2 protein chains.
Amino acid sequence: MGRPTIGDVASAAGVTKATVSHAFSGKRPISEATKARVIAAAEELNWVPSSPARALATRRANAIGIVLARDPEILASDTFFPAFIAGVESVLAPREVALVLQVARTRSGEERAYRAIAQGRADGVIVLDLHQDDWRVPLLQGLGTPAVLLGAYDGQSSFSCVRTDDAAPVHELIDHLLAHGHTRIAHVSGPMGYVHSRVRAQAYLERVGDEELLRQGDFTARSGRDLTAELLQLPDRPSAIVYANDTMAIAGLSYARSLGLRVPDDLAVAGFDDDHLSAHLSPGLTSVSTDPHRRGEVAAEHLLHDIAGGTPRSVTLDCTRLRLRDSTASRR
Amino acid sequence: MGRPTIGDVASAAGVTKATVSHAFSGKRPISEATKARVIAAAEELNWVPSSPARALATRRANAIGIVLARDPEILASDTFFPAFIAGVESVLAPREVALVLQVARTRSGEERAYRAIAQGRADGVIVLDLHQDDWRVPLLQGLGTPAVLLGAYDGQSSFSCVRTDDAAPVHELIDHLLAHGHTRIAHVSGPMGYVHSRVRAQAYLERVGDEELLRQGDFTARSGRDLTAELLQLPDRPSAIVYANDTMAIAGLSYARSLGLRVPDDLAVAGFDDDHLSAHLSPGLTSVSTDPHRRGEVAAEHLLHDIAGGTPRSVTLDCTRLRLRDSTASRR
DNA sequence: TGGTCAGAGTAAACCGGTTTGACAGCAGAG
DNA sequence: CTCTGCTGTCAAACCGGTTTACTCTGACCA
């Protein structure tokens, strides 16, 4: 005999499947005596309801999904992701909801993954790394799957949104640099397709005015290094570089140093994300902490709320903070 | 009408459910003409088979599980985890197998999670953070669930094992320190319940001989700091400290510096795990890289192999490498 | 004394797939 | 000309739960 089924429990307790089901769900009154017998039998047999069977019958997977389009390699060096997942799980775990993770490399694979989720693998999804006019939003809307968008979506959507104010800390940072005498401030952004990259770059431009010192990177250490090299070769090189994440900032910082430049005296450097080691670098790396843990919690809460039938709500979290450290200390 | 079912596709194509199923699975011969009609109908309706239904019928979830007993907070600052997941996913993604992640805080929650997986949420599990005589091994054996153990399990088990040689790089490191004149070398370990912590500590003891300078930490920055403080207060304080992970090492390093000690001149420091930023610290942190990505790949491959009915196999990967950097440079 | 109603439980339908057994039609062998 | 075998399809059973419709008691009320 394989794993025990509800039928085994039922006959062990001398009742029918329906009674066992009701005894556990409480959706129908069951006498105390019977309930006790059922529970004892279930315990005896070590019965746990089959989740596919339950999912099929209730149309609830008791799971939420996240589809990652990122290259697994990039995932690995990302500081945002584990903290975000941890936040999500801290909400999911007590309710015994599982998290289904799927990585897709191609657009069609990604689409299949979302479809698979929509038809039963999970009850809803959290959408990360929003693009402008992201195609996933209409897709999910068409599929009728509850979803929570992380970041600002500018189109129409009936989904909950969890936003943060990324512009404010960038403004604050640039104002700080300007106030300390920097006149040529560069920015190494993330891919402009991402809404969050664009918002940061936009905030930079609002203060700096033109795109002369704006370079588009891709969040990898390699691009941080290469674009730093490019910027430092300019005839009138920047005295400060603001990167869209810490990984690029650190790669840039190391490279500048390898040229003999001193940080912050010859070049001020700032990142974004506040990797947990950034405070321990030497000099400490100025960065913007974004509390991905909290964002994970809130996103998960909103999603569960929507799945339960609540009306989608959008929030803007106040959780971005500029962390000034020595890499942008005053110039002597 | 809700999402299309196989029945909708069948009637659209003018055949029965069985024919649709066979047309896709190829388990029975179907004429080219019919097959084309079925596929067209499915495409037209945007049909994707319901995974709970399929899972129920085939007893295959097409997913593998990982249960994390770690506190979500610790997860967030862990460098091993995202890279490991990335490795796992790089094997899973092309086969369209999903990864089900469950975090449990209590022992009973953890047990429920494993039971839930065993009865259908997933087809197998990867077991992380092995303890000595880990209770999960007999549990999973009893449940009959395929599993892959990450690390050495000393008891009997019929599971595949993916091991690494953690002792060799520790030996190499300590020999290096001894060769450079260090006589008092301390070790801040992880919790001794973990096999990997124990292996590292054991390797340390094999070279150092006694436990006087061995302290048990818990992988958090806080414990790294506190135990460093304790060690540095000793009358005959150590000249080198080897930590069981980078997070503790960095916290210890910062603390030592805050006391005015110079690294490596007054105190040599080494970590374990080789966080991607460790090479960029200043001084660069000596550490041991363990290639979690590769371990994830291999673990996933073994698990899929076992799920498919293969006989479990154990491997020892040669993927730990000592990375000597300035934090343990020669004393002047 | 008959009617209503709540409580406890049963039997069967259903969720959406897969798989098995049966069968019709047709080709080739004996 | 029948028998066998193969191809292509259908109908029904099955996976393991949940849910609905229904039955049977016994208590309460008028």
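No experiment lies behind these values; they were computed from the predicted model shown. Just so we're on the same page: letters track the sequence lines, and every chain starts at 1.
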(request) Compute the bend angle of the helix from dT1(C)-dA30(D) to dG30(C)-dC1(D) from the end axes (five pairs per end), rounded to 10°. (result) 60°
(request) For residues 31-53 of chain B, pull every pair meeting ring pair (Phe, Tyr, Trp, His ring centres under 6.0 Å), keeping only residues two or more places apart or in separate chains. (result) Phe24(B)-Trp47(B)
(request) Output the residues of residues 110-121 of chain A in contact with DNA chain C, where contact means a heavy atom of the residue under 4.0 Å from an atom of the strand; sort by number or write none. (result) none
(message) Regarding Ser51(B), tell me which of base, sugar-phosphate or nothing describes its non-hydrogen contacts under 4.0 Å with the strands shown.
(response) nothing
(request) Please report, rounded to the nearest Å, how far the P atom of dT9(D) is from the CD atom of Glu32(B). (result) 10 Å
(request) Kindly say whether, by distance alone, the side chain of Arg28(A) makes a donor-acceptor pair under 3.5 Å with the base of dG7(C)? (result) no
(request) Produce a footprint string for nucleotides 12-19 of chain D: one letter per nucleotide, 5' end first; B if the base is under 4.0 Å from any protein heavy atom, S if only the sugar-phosphate is, - if neither. (result) ---BBBBB
(message) So does Leu143(A) get a backbone contact from the side chain of Arg3(B), meaning a donor-acceptor N/O pair under 3.5 Å?
(response) yes
(message) Quick check against the 3.5 Å criterion: does Asp123(A) have a side-chain atom that pairs as donor or acceptor with the backbone of Asn62(A)?
(response) yes
Look for any protein N or O under 3.5 Å of an N or O in nucleotides 23-28 of chain D and output each such pair with its distance, or none.
none

(message) Strictly by ring pair (Phe, Tyr, Trp, His ring centres under 6.0 Å), give each pair with a member in residues 87-139 of chain B just once, sequence neighbours left out.
(response) His131(B)-Tyr194(B)
(message) Between the side chains of Arg136(B) and Glu110(B), is the shortest nitrogen-to-carboxylate-oxygen separation below 4.0 Å, so that they form an ion pair?
(response) yes
